[in-house]
Amino acid sequence: MKKLYLVVPCYNEEEVLMETSKRLQNKVFELIEKSKITKDSKILFVDDGSKDRTWELISFLHKKDTIFSGLKLSHNKGHQNALLAGLTKAAVYADIAISLDADLQDDINAIDAMIEKYYEGNDIVYGVRSSREKDTFFKKFTAETYYKMLKHLGADIIYNHADYRLMSNRALKGLLQFKEVNLFLRGIVPMIGYQNDIVTYERQERFAGKSKYPLKKMISFAFEGVTSMSIKPVRLIFNFGMGICGIGIIALLYFLIQYLSGRTVSGWTSLIMSIWVLGGMQLIAIGVIGEYIGKVYLETKERPKFIIESTLLNEEMK
Ligand code: UDP
Ligand code: MG
């Protein structure tokens with residue numbers, strides 16, 4: 001039997017915490033009863049620097065029952081960092097961790113299936129939304145376009161999966177080898193590798209309180225996703241520069257013909273040529289510089305170059 005940690009990031013969640021804790025506790029009891037997880041499994045709330053009574057409630061829950069544990073961040077560091085804080089603890093104490101939102105939009109009945117898949121040999125089980133029927137057209141369209149764009153830019157992400165997922169202890173340890181500051185977990189986790197699978201679930205409405213992800217935060221998160229996973233946008237500048245330069249050179253012939261046939265104002269040819277050809281060259285130069293900066297950027301992330309799954313070595317471990 002394995003020890004489970006449910007990792008729940010909370011930012012100003014006083015309205016949902018009592019209900020959430022009750023439902024999660026029931027779920028954990030149910031799993032213990034079915035002998036799927038050990039009795040010392042825990043529900044770990046990570047208070048992401050909340051300004052309301054969130055931490056008070058977590059402390060209260062912990063006092064009542066030690067199945068509830070808590071971590072309090074000194075400052076609001078954002079959902080992804082709060083999650084990582086919780087998962088870092090889980091990597092030390094648990095065999096399995098499942099991350100889910102405090103508002104229970106992630107259907108907790110999918111947990112059973114996730115654990116089933118874990119016992120079937122999967123190290124990572126992704127919770128995937130079965131449909132986006134409840135979403136507005138705008139949300140559906142932007143989300144789809146975004147996933148497609150990220151794929152195109154080379155990030156290996158799971159369609160319609162957010163941060164509801166199960167990770168085994170060794171997958172967690174793999175995650176901790178990623179040292180980057182700009183965290184985009186759903187982009188990094190697939191890079192860990194190992195056998196994985198998905199479980200589909202119906203995304204619920206938030207049952208109380210307001211979303212902590214207003215449009216502004218969402219846009220900056222989306223941008224973070226692109227820039228932390230890919231340096232292709234820089235290459236775009238380079239290619240654009242090449243294009244402009246190419247057009248410039250073709251246009252140059254045309255301008256020269258115009259000039260030779262005397263159909264231009266004096267000075268126009270040299271001016272227009274500088275604008276096009278020089279403009280293109282400048283973009284190429286920026287692209288080249290960007291390419292190097294991009295390389296430096298990727299190096300500073302110090303991502304693991306590999307994660308070993310198993311070894312066949314007859315040497316004594318030193
Ligand atoms: N959250 C967090 N820190 C933040 C913002 C959000 O820990 O700065 C948590 C929040 O408490 C919730 C989860 O991240 O458990 C998802 O947030 P929310 O439900 O508000 O986002 P939405 O579902 O509307 O996208
Ligand atoms: Mg939510």
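We're numbering straight along the sequence, starting at 1. Numbering of ligands and ligand atoms starts at 1, following listing order. From a predicted model like this one, the values you see are computed outputs, not experimental measurements.
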| Mind checking whether Asp101 has an N or O less than 3.5 Å away from an N or O of ligand 1? | no
| message | We want to know whether Lys51 and Tyr11 form a side-chain donor-acceptor pair, criterion being a heavy-atom distance below 3.5 angstrom. | response | yes
| task | Report the nearest protein non-hydrogen atom to atom 18 (P) of ligand 1: residue, atom name, distance rounded to 0.1 Å. | result | Arg206 NH2, 3.4 Å
| note | Closest to atom 23 (O) of ligand 1 (heavy atoms only, candidates Gln204, Gln105, Lys217) is Gln105
| query | Among protein heavy atoms, which sits nearest to atom 19 (O) of ligand 1, and what does the distance come to when rounded to 0.1 Å? | reply | Asp103 OD2, 2.6 Å
| Counting backbone and side chain alike, does Gln105 bring an N/O/S atom below 2.8 Å of the Mg ion (ligand 2)? | yes
| Do Lys210 and ligand 1 have an N or O pair less than 3.5 Å apart? | no
| query | Going by the order shown, which atoms of ligand 1 are within less than 4.0 Å of some heavy atom of Glu13? | reply | 10 (C), 11 (O), 12 (C), 15 (O)
| Closest protein heavy atom to atom 4 (C) of ligand 1, given as residue, atom name and distance to 0.1 Å | Asp48 OD2, 3.4 Å
| request: Mind telling me whether Tyr93 and Tyr5 have parallel, tilted or perpendicular rings, with 30° and 60° as the class edges? | output: parallel
| Are there more than 12 heavy atoms of other residues, nucleotides or ligands under 6.0 Å from atom CZ of Phe138? | no
| What part of Asn76 sits under 4.0 Å from ligand 1 if we count only heavy atoms: the side chain, the backbone, both or neither? | side chain
| query | Within less than 4.0 angstrom of ligand 1, does Arg203 place any heavy atom? | reply | yes
| request: For atom 1 (N) of ligand 1, grab the closest protein heavy atom and report residue, atom and distance to one decimal in Å. | output: Tyr11 CB, 3.7 Å
| query | For atom NZ of Lys77, is the number of surrounding heavy atoms from other residues, nucleotides or ligands below 6.0 Å larger than 12? | reply | no
| request: Classify the side-chain pair Asn122/Gln195 by whether it contains a donor and acceptor separated by less than 3.5 Å. | output: yes
| message | Counting non-hydrogen protein atoms only, what is the nearest one to atom 21 (O) of ligand 1? Give residue, atom name and distance. | response | Tyr213 CD1, 3.3 Å
| query | Between the main-chain N or O of Val226 and the side-chain N or O of Ser230, is there a donor-acceptor pair closer than 3.5 Å? | reply | no
| said: Less than 3.5 Å apart, any donor N or O on the side chain of Lys301 or Tyr297 sitting next to an acceptor on the other? | reply: yes
| task | Answer yes or no for Asp103: is there an N/O/S atom below the 2.8 Å cut-off from the Mg ion (ligand 2)? | result | yes
| Residue Ser211 vicinity, atoms of ligand 1 by number, heavy atom under 4.0 Å | 20 (O), 21 (O), 22 (P), 24 (O)
| note | Nearest non-hydrogen protein atom to atom 15 (O) of ligand 1, with distance, is Pro9 O, 2.7 Å
| query | Which residue supplies the protein heavy atom nearest to atom 6 (C) of ligand 1, what is that atom called, and how far is it? | reply | Lys212 CB, 3.6 Å
| Using a distance-only test with no angle check, is there a side-chain donor-acceptor pair under 3.5 angstrom linking Lys22 and Asn26? | no
| request: Identify the residue among Arg206, Arg203, Glu205 that makes a side chain to side chain donor-acceptor pair (under 3.5 Å) with Gln105. | output: Arg203
| request: Report the nearest protein non-hydrogen atom to atom 14 (O) of ligand 1: residue, atom name, distance rounded to 0.1 Å. | output: His79 CD2, 3.2 Å
| request: Would you kindly say whether Asp48 and Asn76 are connected by a side-chain donor-acceptor distance under 3.5 Å? | output: yes
| message | Pairs of nitrogen or oxygen atoms closer than 3.5 Å, one from Ala102 and one from ligand 1: do any exist? | response | yes
| Going by atom types alone, do Asp106 and Tyr201 pair a side-chain donor with an acceptor below 3.5 Å? | yes
| request: Please step through side chain to side chain donor-acceptor pair (under 3.5 Å) for the pair Glu13 and Thr54, ending with a clear verdict. | output: CA-CA 6 Å; Glu13 297 286 11; Thr54 297; over 6 Å; no
| said: Could you check whether any heavy atom of Lys77 sits closer than 4.0 Å to an atom of ligand 1, since that is the contact criterion I want to use? | reply: no
